[in-house]
2 protein chains.
Amino acid sequence: MAGIKDVAAEAGVSVATVSRVLNSHPSVSEEARARVLAAVEALGYRPNAVARSLRTAQTRTLGLVISDVLNPYFTELARFVEEEARALGYSVIIGNADERPELQDHHIRTLIDRRIDGLLVSPADGGSPLLREVALSGTPMVFADRWIPGIDVPVVRADGTGAVKDLVAHLHRLGHRRLAIIAGPAATTTGNERVEAFRDAMRELGLALPDAHIGQAHFQAASGRRATERFLALPEPPEVVFAADNLMALGALDAIRAHGLRVPDDIALAAFDDIPWFVHTDPPITAIAQPTADLARAAVRALADRIEGRTPQSVTLPARLVVRRSCGGAATDQRSDR
Amino acid sequence: MAGIKDVAAEAGVSVATVSRVLNSHPSVSEEARARVLAAVEALGYRPNAVARSLRTAQTRTLGLVISDVLNPYFTELARFVEEEARALGYSVIIGNADERPELQDHHIRTLIDRRIDGLLVSPADGGSPLLREVALSGTPMVFADRWIPGIDVPVVRADGTGAVKDLVAHLHRLGHRRLAIIAGPAATTTGNERVEAFRDAMRELGLALPDAHIGQAHFQAASGRRATERFLALPEPPEVVFAADNLMALGALDAIRAHGLRVPDDIALAAFDDIPWFVHTDPPITAIAQPTADLARAAVRALADRIEGRTPQSVTLPARLVVRRSCGGAATDQRSDR
DNA sequence: ATCATCCGTGTAATCGATTCCACGGCGTCG
DNA sequence: CGACGCCGTGGAATCGATTACACGGATGAT
């Protein structure tokens with residue numbers, strides 16, 4: 001593969017001049033510029049990004065560590081992150097933690113070793129000492145969706161409390177009183193917050209949330225299924241199951257179906273995170289939709305601000321309730337906008 | 001950030017010795033090794049992958065260019081690709097083409113500029129001159145799922161002809177005669193092959209596939225919706241719509257629903273690619289399942305073989321039919337294995 | 001005792017870019 | 001007319017690793 005020296009030789013100038021042309025440095029004569037450009041064209045020269053990064057100490061690359069690629073919410077987030085990053089002149093390398101802290105750490109390590117310019121993280125756990133260390137080391141970092149309290153880094157996320165309150169009110173109006181929630185890991189902020197919002201909203205309506213109605217799961221389908229099975233085995237099973245993410249809702253649906261029960265007649269279901277498939281499930285699922293594209297854009301911009309020396313801002317955007325038929329009643333069959 | 005020189009100074013040896021320890025070169029004394037390791041530990045030293053790559057001319061990184069991250073089939077593929085690559089000591093950088101040839105080329109360019117060791121591609125179009133050029137240039141490359149005829153590169157894919165034949169037989173048995181297909185872009189192999197397999201299977205049963213029953217779409221939901229609308233506007237609409245991928249099936253479902261029709265009573269639906277949601281759609285969707293994990297593993301192994309000087313093998317694995325209720329009849333409600 | 005071999009180690013070249021500094025030529029200004 | 005400054009350019013240092021080569025000392029064979 002042709003290097004800058006070959007180009008210099010072909011154009012009859014020094015490598016310094018070639019480099020100047022490539023980086024559109026002002027002091028290059030029109031003639032030299034033309035000759036270099038011609039040589040570049042003739043040789044099909046492409047600058048070696050590795051060498052360039054070594055010298056300039058920047059890679060123009062962002063690392064994105066998400067908790068689970070198979071979760072449509074995160075793939076959508078990743079897609080928009082890449083889109084915005086590209087617009088700002090950055091590439092993105094995605095690391096998938098699969099909700100496993102040690103895999104998350106592996107990816108963070110690898111990304112740091114590659115000297116990415118900044119890190120966008122949706123932590124799979126709340127404890128990672130590595131993450132804390134990286135933040136302290138001065139690596140530009142921004143949390144997206146989930147964050148870790150005590151690590152001083154901008155957070156870009158959706159606030160679901162309003163939407164959860166709307167949901168609980170909606171359920172109450174439909175006559176449901178025994179509500180249950182499948183929670184994410186207590187180590188994640190989204191795991192806790194959604195439970196707290198749910199509990200608070202219930203309390204305002206004079207409803208209690210017994211421990212037996214809080215299922216511990218891991219934001220993945222299999223654990224959602226198990227949590228739901230435990231609910232169904234209760235002497236007095238809940239009338240509603242609210243899954244704190246879409247994959248656990250899928251698991252809940254699996255379990256409900258395996259028990260021969262129908263939604264919403266026998267048991268109602270709602271989920272956090274709205275995805276296109278929820279329109280076509282049996283029945284269409286009432287969900288809380290996050291403004292994913294806006295979140296992704298805000299997160300990338302915050303990170304770019306931090307990298308480029310500006311002051312990054314934390315951003316919180318509201319989520320909203322999308323009512324469908326899975327909780328009973330007649331639904332105005334809205335679609336998640338896209 | 002500490003460099004190899006700092007480690008050398010701390011350990012009281014030369015950088016060469018440090019490097020030898022790090023790369024477990026045999027001729028280093030036990031004592032020097034211990035001192036270096038201690039220094040590494042003390043400084044929290046991590047080798048700079050950029051510098052290493054520049055010197056060794058390898059990045060231990062694979063590029064994966066997929067046509068659409070929002071397509072669950074590809075995210076699943078990506079997940080398994082990363083898993084296998086990690087097992088073999090490689091990282092993966094994903095480029096999402098969004099079914100747009102120019103975006104695909106952008107990612108390929110970027111990946112090549114970064115000097116990835118090999119490229120795994122599921123081309124969004126059949127023509128990319130860049131892809132041909134890259135293949136010719138000697139960059140290790142393997143096609144996954146889709147490929148480009150005329151480019152001499154190993155192909156790892158699923159063969160759907162058997163499963164499509166099973167599907168058509170199944171439809172025929174249920175009494176359906178007017179079958180339609182929503183095809184992917186003619187420029188993709190999967191776009192064509194699936195239509196051909198469908199046409200052949202129909203011909204064997206004495207059925208014709210008129211042009212009006214071939215909808216042109218782009219493997220994305222919106223185009224699947226439009227194609228379905230055209231079918232429904234026909235004076236004699238088809239009794240079955242077979243979508244050549246899962247997103248177009250989603251679009252078809254949208255369109256059918258918008259027309260107030262029911263599946264399978266008014267119109268039957270089947271799809272290529274099986275995904276977890278198909279179990280829970282209304283009704284559960286009959287689909288053709290690919291052995292995604294095996295494909296991913298085989299593709300990575302082929303690429304690693306090529307990179308490491310062994311002879312890579314093309315691999316073709318059979319897809320299989322999973323019957324559910326979306327085509328009518330009583331279904332043995334199988335699940336896609338996972 | 002002598003010489004060849006091997007082992008552990010260090011010095012320095014190298015990968016492919018960017019960039020500081022010096023230098024020659026030319027225009028401008030005093 | 002001489003000095004100064006600017007412009008375009010090239011030489012060479014640099015980024016942080018790997019590795020070819022050289023070297024000194026120990027070991028073993030003859």
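A note on names: the letters A, B, ... follow the listed sequences, proteins ahead of strands, and every chain is numbered from 1.
In this structure, of C/dC15, C/dG10, C/dT18, it is C/dC15 that holds the atom nearest to the side chain of A/Lys5. Distances were taken from every side-chain heavy atom of A/Ile4 (C-beta onward) to each of C/dT9, C/dA17, D/dA17; the shortest belongs to C/dA17. Checked against D/dG11, C/dT11, C/dG16, the side chain of A/Ser14 finds its nearest nucleotide in D/dG11. The listed nucleotides are D/dT18, C/dG10, C/dT18; the one nearest the side chain of B/Thr17 is C/dG10.
Distance CZ (B/Arg55) to P (D/dG16): 16 Å, rounded to an integer number of Å. Separating the CG atom of B/Leu22 from the P atom of D/dT19 is a distance of 12 Å, rounded to the nearest angstrom. As a whole-Å value, the separation of A/His25 NE2 from C/dC20 P is 9 Å. Distance, B/Leu54 CG to C/dT18 P: 12 Å, rounded to whole Å. Whole-Å rounding puts the B/Arg35 CZ to C/dT9 C1' distance at 12 Å. When rounded to the nearest whole Å, the span between CG of A/Asp6 and P of C/dG16 equals 9 Å. Per the geometry, CZ belonging to B/Arg46 stands 15 Å off C1' belonging to D/dG16, to the nearest Å. When the P atom of D/dG16 is taken as reference, atom CZ of A/Arg52 falls 18 Å away, rounded to whole Å.
Across the interface with DNA chain C, nearest-nucleotide mapping of B/Arg115 and B/Arg33 shows B/Arg33 to be the residue nearer the 5′ end.
For A/Asn23, a side-chain nitrogen or oxygen approaches OP1 or OP2 of C/dT18 to under 4.0 Å.
Of the candidates A/Glu82, A/Glu76, A/Glu83, A/Arg79 forms a salt bridge (charged side-chain N to carboxylate O under 4.0 Å, His left out) with just one, namely A/Glu83.
As judged by a 4.0 angstrom heavy-atom cut-off over every strand, A/Val50 is placed among residues making no nucleic acid contact. Using a 4.0 Å heavy-atom distance criterion, B/Ala32 is classed as a sugar-phosphate-only contact. Among the atoms of the strands shown, only primed sugar atoms or phosphate atoms (P, OP1, OP2) are found under 4.0 Å from some heavy atom of B/Ser29. Counting any heavy atom pair closer than 4.0 Å across all strands shown, A/Thr56 reaches sugar-phosphate atoms only and no base atom.
Of the possible donor and acceptor atoms, one in the side chain of A/Thr56 sits under 3.5 Å from a partner among the backbone N and O of A/Arg52. A donor-acceptor contact shorter than 3.5 Å links the side chain of A/Arg115 to the backbone of A/Ile112.
Taking 4.0 Å as the cut-off between side-chain N and carboxylate O, B/Glu102 and B/Arg109 do not count as a salt-bridged pair. Classification of A/Asp113 and B/Arg46 as a salt-bridged pair holds, one side-chain N sitting under 4.0 Å from a carboxylate O.
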